[in-house]
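Read the structure below first, then the notes.
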Amino acid sequence: MQDKDYLHPSSEMKDNRSLFDNNTAQSLSSEDIDAMKREGATGDEIVEALIANSSTFEKKTTLSQEKYKVKKQKKYAPKVLLRRPCSRSICEAYFKKYPTRIGSLRFDALCLLLSMANVGAYSDVLVLDMVGGLLTGAVAERLGGTGYVCSTHFGTSRNPIDIVRMFNFSSEVNSRIVQATFTDLCIIRENDCSSFHQDVLKTEGDIKNTKILAESIVPKSSMHVLDESIQETNVSSDRSCISHEIFNAETIGQSSPQTDSNPPIEDDEGMSVSSTTEKSKSPGRQASSELVNSWKERGFSSLIVAAPEIEVGSLVQKLLPLLSYSAPFAIYNHCLQPLAACMHRLQASKMAISLQISEPWLREYQVLPSRTHPHMQMSAFGGYILSGIRICSDACNGSQEN
Amino acid sequence: MQDKDYLHPSSEMKDNRSLFDNNTAQSLSSEDIDAMKREGATGDEIVEALIANSSTFEKKTTLSQEKYKVKKQKKYAPKVLLRRPCSRSICEAYFKKYPTRIGSLRFDALCLLLSMANVGAYSDVLVLDMVGGLLTGAVAERLGGTGYVCSTHFGTSRNPIDIVRMFNFSSEVNSRIVQATFTDLCIIRENDCSSFHQDVLKTEGDIKNTKILAESIVPKSSMHVLDESIQETNVSSDRSCISHEIFNAETIGQSSPQTDSNPPIEDDEGMSVSSTTEKSKSPGRQASSELVNSWKERGFSSLIVAAPEIEVGSLVQKLLPLLSYSAPFAIYNHCLQPLAACMHRLQASKMAISLQISEPWLREYQVLPSRTHPHMQMSAFGGYILSGIRICSDACNGSQEN
Amino acid sequence: MFSSDPSKRNSFQRCICDGDLVIVYERHDNMKAIKVKMGSDFQNRYGVFKHSDWIGKPFGSKVFSNKGGFVHLLFPTPELWTLVLSHRTQILYLADISFVISYLEIVPGCVVLESGTGSGSLTTSLARAVAPSGHVYTFDFHEQRAALAREDFIMNGLESFITVSVRDIQGEGFPDEFCGVVDSVFLDLPQPWLALPSAARMLKQDGVLCSFSPCIEQVQRSCETLRNNFTDVRTFEVLLRMYEIREGRMEVGRNGGPMLLKPHKKRQHLSSEGECEDEERTTIMVKPCNEARGHTGYLTFARLACT
Amino acid sequence: MFSSDPSKRNSFQRCICDGDLVIVYERHDNMKAIKVKMGSDFQNRYGVFKHSDWIGKPFGSKVFSNKGGFVHLLFPTPELWTLVLSHRTQILYLADISFVISYLEIVPGCVVLESGTGSGSLTTSLARAVAPSGHVYTFDFHEQRAALAREDFIMNGLESFITVSVRDIQGEGFPDEFCGVVDSVFLDLPQPWLALPSAARMLKQDGVLCSFSPCIEQVQRSCETLRNNFTDVRTFEVLLRMYEIREGRMEVGRNGGPMLLKPHKKRQHLSSEGECEDEERTTIMVKPCNEARGHTGYLTFARLACT
């Protein structure tokens with residue numbers, strides 16, 4: 001009854017001036033409907049019955065009739081769309097249902113991060129992924145089984161990257177997803193201070209604190225069906241032409257319990273991930289020392305930080321030296337002020353140029369005959385991104401070129 | 001030549017595939033045009049000549065032809081639209097030509113301030129106007145000769161409100177625009193500490209500092225013609241049905257020299273502005289002690305602060321007690337963080353409720369057959385507004401109700 | 001809400017009386033309009049509030065329930081009314097309302113036509129702008145809706161500024177009595193182009209019209225029609241983006257180690273001199289709210305061409 | 001820019017060679033693409049730079065002119081290329097490009113069709129996404145434009161990933177050889193609906209199409225046509241809002257007196273531990289830039305329905 005008049009500016013003469021809001025229009029009671037269900041009526045049959053028993057349906061405009069029908073179908077005859085997983089569908093599904101698990105990283109922001117960091121085949125991309133693995137997976141998708149994405153972490157507990165499993169990658173692609181502590185990446189770069197760092201990292205406090213962090217970002221609650229486009233097509237009319245994977249409680253649930261059970265990494269670096277003949281399909285093995293050494297030699301080709309709730313400013317200054325000169329980077333955060341401070345510090349330290357803070361803005365439109373307009377509800381916040389290019393400052397010329 | 005193909009999705013078969021960018025399409029030289037001008041050719045004649053001498057004009061699409069013509073007309077046959085002054089046209093004109101004179105206060109933000117502060121007939125509105133008088137004028141326009149708008153200032157120099165003159169108000173409306181130092185508004189409220197405040201305010205440093213401020217907000221440079229819609233209609237086809245006022249160098253120039261010449265106000269409060277029989281038309285007289293006393297009795301009915309570049313947080317806490325209970329207020333600023341801090345402080349001090357920081361967003365559309373889209377350039381920043389309602393906290397219940 | 005009697009405006013002296021309309025404020029997103037009536041109660045999850053306790057208190061007071069819960073009693077304004085009114089249709093909100101009022105150049109004394117009345121969200125703001133000497137004539141084709149809107153305006157004491165009539169403006173146009181005497185016209189109709197010829201007849205020369213439409217097709221068709229006898233046709237969209245604040249807790253661990261989420265060390269020496277600002281500012285986080293109204297409608301304005 | 005030979009990617013070892021394309025960076029809004037050539041000079045307002053001084057230096061180096069002025073030499077990326085290319089048409093920018101690449105689900109190995117080529121701003125990003133094993137076939141009806149784009153792609157070393165052809169896709173459709181073998185199609189045409197039937201024939205089942213149009217009428221008509229043999233038709237608009245920072249100077253005077261604009265007290269103990277953050281953060285002001293691109297175009301996506 002709250003239909004907006006001007007949503008049907010067609011030339012039909014019917015309008016809702018004669019409709020009164022007295023809740024007596026539907027003569028079918030909920031008991032009647034329950035009875036139909038017990039007798040095995042299909043959802044579509046119930047919807048037809050509801051329409052037949054509505055005293056106002058005939059008086060409604062065509063658009064109102066359609067809306068009524070869709071509403072009832074949603075309730076009594078829900079449908080599910082099956083879809084091949086990709087970064088867009090995974091990102092959209094989480095964003096809609098479990099935004100906190102991906103740090104509310106909106107799809108357009110994710111796209112920007114990938115472009116700004118020049119991710120492509122043969123890239124070696126360093127990521128600080130505190131968005132559950134969505135970023136790591138999206139990078140790996142672009143690598144297509146070449147290069148590497150290295151998910152780094154401060155402290156001893158890995159950042160959970162369970163969402164990577166949602167991508168259903170081949171083992172070839174999975175083998176390109178590795179993890180390494182920031183300390184390991186540094187130890188090998190600076191052989192002199194390894195023992196010091198090891199000592200620091202073993203303290204109990206650090207371990208406990210990263211635990212808290214991990215929990216706050218990926219809650220233990222199990223996930224339910226991700227029905228992103230639930231009423232679009234019938235399960236029965238599943239297109240058989242492509243391999244689909246359902247987002248459901250099973251697939252998502254199977255990764256959930258592991259969130260907190262990632263073993264603290266060992267000092268032993270024998271768990272290497274070699275090129276493509278790896279037996280295990282699981283992504284995120286510890287980076288081999290050969291790999292880490294090669295990054296020391298060549299530098300990472302870019303950096304993406306998606307740690308939405310963390311003060312990232314000083315971390316960026318620590319991570320930038322791991323990048324090769326002229327490598328681009330992109331830092332995603334929920335707060336503007338820390339990024340501004342970080343940008344100012346990078347300007348002052350002459351570590352980077354082409355610095356820019358930007359904010360993605362996204363709007364979806366309904367395009368229908370005579371009813372075209374932007375969606376009435378929108379996501380008003382896609383985070384802030386600091387992007388730039390690491391340069392070869394005079395200081396690093398000295399230390400790195402020799 | 002930079003025409004975008006898809007700007008003319010009509011069904012005509014011409015397109016610009018055969019157009020080459022070699023700058024030889026126009027056979028009329030600038031010398032030829034100068035010669036025409038010397039011979040007294042009108043702008044329209046020159047445009048016609050340019051079209052006749054363009055080798056590519058005939059090959060262009062209809063839309064491209066139109067665009068070419070408009071571009072040339074703008075250059076050789078400019079036109080001026082005359083318009084009655086009102087807050088919209090004044091705000092838009094300054095925003096386009098001299099945004100710093102009005103603190104880049106965009107029209108939609110100005111509208112919000114007026115609504116949020118419940119400005120209407122018989123209101124007594126307290127304003128801190130550091131946008132050249134635009135705010136004061138816009139409030140006075142809404143008062144229509146009733147109530148008062150009191151432009152307050154800290155220190156001894158008034159905030160310039162020269163833009164009020166642009167409104168061409170009647171003397172009745174002008175008489176409703178008064179000024180008062182914050183100290184005067186407080187002295188009368190708190191009779192005990194007047195001598196202390198007077199001493200403080202007489203220091204040389206304060207005077208110098210406010211001078212700097214005034215200059216930074218209203219530069220001395222004289223203003224030129226405000227041609228907001230310059231090519232819309234001919235001067236000669238001026239509609240005679242309404243009284244127009246031209247925004248030109250004369251009208252705006254006459255107020256400019258006074259920017260810095262406002263005399264420091266005297267302690268003498270004899271310069272009172274009485275109801276409607278005031279001889280002088282000039283707005284912004286010193287508020288009479290009767291008026292100030294009445295505000296002490298009744299409180300201002302609302303507050304608007306538009307001091308875009310000033311840290312307004314603590315000022316708001318000083319100004320709020322001057323408002324009657326349940327009075328709304330709206331604070332405009334260019335920086336988000338100070339407003340956030342202010343909001344947090346007001347929450348803590350329980351001086352106000354219904355606190356909200358909002359940011360206006362405005363987009364204009366081109367609506368033309370087959371060529372409808374948002375404007376390609378937009379103002380991306382309309383400032384931030386903190387709004388709220390002053391309440392009768394337990395503390396003020398004690399001090400004010402007795 | 002407001003009246004042609006200036007002594008009735010809110011002030012320190014003005015206290016809540018029997019029969020006043022008050023806005024009962026629980027939270028920013030929870031308010032109600034209540035007519036104060038000696039002997040009545042107001043009840044919410046915080047307990048029972050007696051109206052008799054409210055009478056004689058200034059607007060803006062905090063009042064308590066039998067259980068010690070509290071609400072604030074606010075003086076009604078058009079902005080608050082928009083937040084509490086019954087939604088009988090989609091309504092206009094602050095951003096659109098404030099823009100429309102200013103763009104239509106409505107000042108005290110103006111005569112304004114509106115159709116449809118809808119839930120009356122814009123109407124109270126129109127009335128505030130024309131008061132004390134102007135008038136708003138508002139029309140809705142839906143009889144029940146018009147009647148309910150009229151009741152609302154009376155409850156707000158605005159009957160001397162607003163006249164509500166039942167009329168199908170798209171079909172019949174505005175009444176002839178307004179021919180050439182109207183300063184501004186506001187249309188919120190499914191097919192605004194049908195009402196434009198009538199609106200043009202009503203307006204004074206150079207008078208301003210606004211048409212609000214959610215769909216771009218309505219705008220396209222309206223603009224086409226407007227070009228017949230209007231000038232300065234411009235279309236806008238206005239929105240408000242809201243921000244939320246919280247006390248910040250971001251800190252970085254020492255030694256390049258893991259990052260900690262530290263609780264905020266609260267330093268509460270709030271002096272009126274604002275000296276503690278620096279410490280405070282660093283700990284207040286502000287970010288846009290996640291969800292927002294993404295679209296309300298397009299606002300198309302035009303001026304009646306002078307003949 | 002990038003190649004099918006991984007050893008050619010930028011790294012600490014990779015130094016500028018004779019014949020390399022470098023991006024000469026002066027400021028964020030002032031860059032140029034230069035082909036390094038032993039014996040050549042680059043000149044700007046800061047002086048003359050010898051290419052011979054650049055060779056052997058790592059990308060990302062700061063190099064100096066005869067007058068002591070300096071620029072940075074950057075490794076070319078599609079993002080930088082978009083900022084330096086010659087605008088022969090309106091071009092797509094970062095926000096649209098990144099969204100299109102991801103939404104079209106372009107990954108290494110994909111075959112992608114594009115029309116028109118325009119200035120080739122999107123094309124280099126498409127090529128990066130399909131490399132090392134996929135290919136981009138791009139078409140423009142304007143011969144000069146296609147030739148210039150081809151030169152650009154060769155200069156960037158992308159000729160093995162991109163084929164440019166002259167063809168009127170609206171009139172003739174895509175070449176038959178691509179029937180049913182294409183993963184994604186991107187259209188930037190004045191009348192995209194004319195190309196949709198051909199695009200549908202080219203796409204693999206469930207393949208994704210994107211049409212970029214500045215005007216809503218183009219979108220309306222395209223969506224109508226798309227509903228014939230496509231599903232999941234969705235239209236978006238993406239923009240980027242830029243922020244600027246400056247050192248803050250806001251302070252409030254004592255005694256409630258006038259407000260002062262104090263110069264920033266610069267405390268520059270920038271430790272790598274980030275300990276000075278609190279002081280720093282309070283003095284860095286950040287606000288949105290005043291002007292922005294308000295609209296580029298609407299992006300309409302659709303999937304070929306499975307038959």
Which atoms of [X] approach chain B - backbone, side chain, both or neither, heavy atom under 4.5 Å:
| X | value |
| --- | --- |
| C/S3 | backbone |
| C/S4 | backbone |
| C/E105 | side chain |
| C/L299 | neither |
| C/R14 | neither |
| C/I101 | both |
| C/E79 | side chain |

Going from [atom1] on [X] to [atom2] on [Y], what distance comes out if it is rounded to the nearest 0.5 angstrom?
| X | Y | atom1 | atom2 | value |
| --- | --- | --- | --- | --- |
| B/M116 | C/S98 | CE | OG | 7.5 Å |
| C/F12 | B/K296 | CZ | NZ | 8.5 Å |
| B/S358 | C/L94 | OG | CG | 7.5 Å |
| B/L339 | C/I284 | CG | CD1 | 13.0 Å |
| B/L336 | C/I245 | CG | CD1 | 10.0 Å |
| B/I357 | C/L240 | CD1 | CG | 13.0 Å |

For [X], which atoms come within 4.5 Å of any heavy atom of chain C: side chain, backbone, both, or neither?
| X | value |
| --- | --- |
| B/L355 | backbone |
| B/L323 | backbone |
| B/L143 | backbone |
| B/Q366 | neither |
| B/I389 | side chain |

>> As an exercise: rank C/Q220, C/K57, C/K204 by heavy-atom pairs under 4.5 Å with chain B and give me the winner.
In response: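 The answer is C/Q220.
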>> Below 4.5 Å, heavy-atom pairs only: which of C/L80, C/N10, C/T77, C/V107 has the largest tally toward chain B?
In response: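 The option with the most such pairs is C/N10.
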So do [Y] and [X] actually touch side chain to side chain, heavy atoms under 4.5 Å?
| X | Y | answer |
| --- | --- | --- |
| C/Y25 | B/S354 | yes |
| B/T146 | C/P108 | no |
| B/R142 | C/S102 | yes |
| C/K8 | B/Y122 | no |
| B/I353 | C/L74 | yes |
| C/Y298 | B/Y365 | yes |
| B/R298 | C/R9 | yes |
| B/W361 | C/R241 | no |

>> If you apply the rule ring-ring contact (aromatic ring centres under 6.0 Å, His included), what do you find for C/F99 with B/F107, and how did you get there?
In response: CA-CA 8 Å; C/F99 197 74; B/F107 178 58; 5.5 Å; yes
> Is the cationic atom of B/R88 (NZ for Lys, CZ for Arg) positioned less than 6.0 Å from the six-membered ring centroid of C/Y103 and within 45 degrees of its normal?
Replying inline: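 Output yes; distance and angle both within limits.
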> Closest heavy-atom contact between C/P58 and B/C392?
Replying inline: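 For C/P58 and B/C392, the tightest heavy-atom pair comes out as CG-SG, 4.1 Å.
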>> Apply side chain to side chain contact (heavy atoms under 4.5 Å, CB included) to residues B/L362 and C/E237 and explain how you reach the verdict.
In response: CA-CA 6 Å; B/L362 173 72; C/E237 198 186 356; over 6 Å; no
>> Can you tell me which of B/S87, B/G120, B/P374, B/A340 forms the most heavy-atom pairs within a distance under 4.5 Å of chain C?
In response: B/A340
> Between B/L368 and C/R227, is a side chain to side chain contact (heavy atoms under 4.5 Å, CB included) present by the stated rule, with each step listed?
Replying inline: CA-CA 11 Å; B/L368 289 173; C/R227 276 184 269 273; 4.1 Å; yes
